[in-house]
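Here the structure is laid out as structure tokens; the discussion comes afterwards.
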Amino acid sequence: LAHTLHAYCHQPKACYLQLATVDQKQRPTNRTLVFRGFWAETNWLKFITDTRSQKYTHLQQQPWAEACWYFPKTREQFRIAGQLHPIIAPHPEYSHPPNQGDSPTIGARNLARVQQWRELSDAARLQFAWPAPKDLRDSDLAQDQALFHPESPDTQNPPPHFCLLLLEPHQVDYLKLRGEPQNRYLYSRLLDQESWQFQEVNP
């Protein structure tokens, strides 16, 4: 995946992929997200979301999800299934960069959330100052326009509803459409959580 992304390094559209979750009625829902890189030195994928959104509600009851990513230039498809880990506004004791003695896991994740906010464009940050996603829109045009033209949010400190979303891969279904026949590979994490099983399967 990293090799393919490198081939697309000058094409911002390559960062768009689909992420499917399951709603409260056990029905699949899908949407397009922006890939924000890998978290630290792991293979966990980073996204951002709003805790007021439906996908955040979905993962509260069902953290399993699947991302689907297609690259037309190289004709490769990656389906990445795993668990979503939301990094939300921390408790007060973790509201600042971690001090020595803090939990490295909690501290590192909270710091990553703040850092991700600071790396966003002004336009991306502004969307978190908009009204809650999927709420009914104000019928008053003037009021509606005012709600979607708020003051610019703080560039250093994310609002409480800003969420850094991490996808921890447990299985990767990799399809290479080039070739006769096409080639398909499955990668599955083993119970030790460190090793991966590799299988070549029919396309």
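Along the sequence shown, residues are numbered consecutively beginning with 1. Atom set for the values below is all heavy atoms of this structure, side chains included, hydrogens, waters and symmetry mates excluded. Being a predicted model, the structure only gives us computed values, none of them experimental.
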Would you call [X] and [Y] a salt bridge, taking side-chain N to carboxylate O under 4.0 Å as the test?
X	Y	result
R125	E119	no
D50	R52	yes
R184	E200	no

[Y] side chain reached by [X] side chain, heavy atoms, under 4.5 Å:
X	Y	value
Y70	R75	yes
T29	V22	no
Q60	H58	no
I48	F128	yes
L59	T21	no
D144	R137	yes
D138	L147	yes
H85	P63	no

Look at the rings of [X] and [Y] and say which category their plane angle falls in: under 30° parallel, 30 to 60° tilted, over 60° perpendicular.
X	Y	value
Y174	Y187	tilted
Y8	F71	tilted
F38	F35	perpendicular

Indicate whether the side chain of Q116 and that of K46 have a donor and an acceptor atom separated by less than 3.5 Å. yes
Linking I/L/V/M/F/W/Y whenever any side-chain heavy atoms sit under 4.5 Å apart, do [X] and [Y] land together?
X	Y	result
L33	L5	yes
L164	W44	yes
F148	L126	yes
L17	L167	yes
F198	L1	yes

Hey, is CG on L190 packed in by over 12 heavy atoms from elsewhere, all under 6.0 Å? yes
Would you say Y185 has more than 12 foreign heavy atoms packed within less than 6.0 Å of its OH? yes
Once rounded to the nearest 0.5 Å, what's the spacing between atom [atom1] of [X] and atom [atom2] of [Y]?
X	Y	atom1	atom2	result
L45	L19	CG	CG	9.5 Å
C68	F78	SG	CZ	11.0 Å
K55	L84	NZ	CG	10.0 Å
R36	L166	CZ	CG	13.5 Å
E66	I80	CD	CD1	9.0 Å
R189	S195	CZ	OG	10.0 Å

Quick one: does any side-chain atom of [X] pair with a main-chain N or O of [Y] as donor and acceptor, under 3.5 Å?
X	Y	result
H149	Q145	yes
W39	E168	no
Q11	K13	no
E76	R178	no
R113	F162	yes

Please test R31 against Q18 for side chain to side chain donor-acceptor pair (under 3.5 Å), starting from the C-alpha separation and ending with a verdict. CA-CA 5 Å; R31 79 282 295 158; Q18 284 63 53; over 6 Å; no
Considering all heavy atoms, the nearest [X]-[Y] contact:
X	Y	result
W69	A14	NE1-O, 2.9 Å
P169	N43	CG-O, 3.3 Å
Q61	Q24	NE2-CA, 3.0 Å
P86	Y56	CB-CE1, 3.8 Å
N157	R118	OD1-NH2, 4.3 Å
P150	A129	CG-CB, 3.6 Å

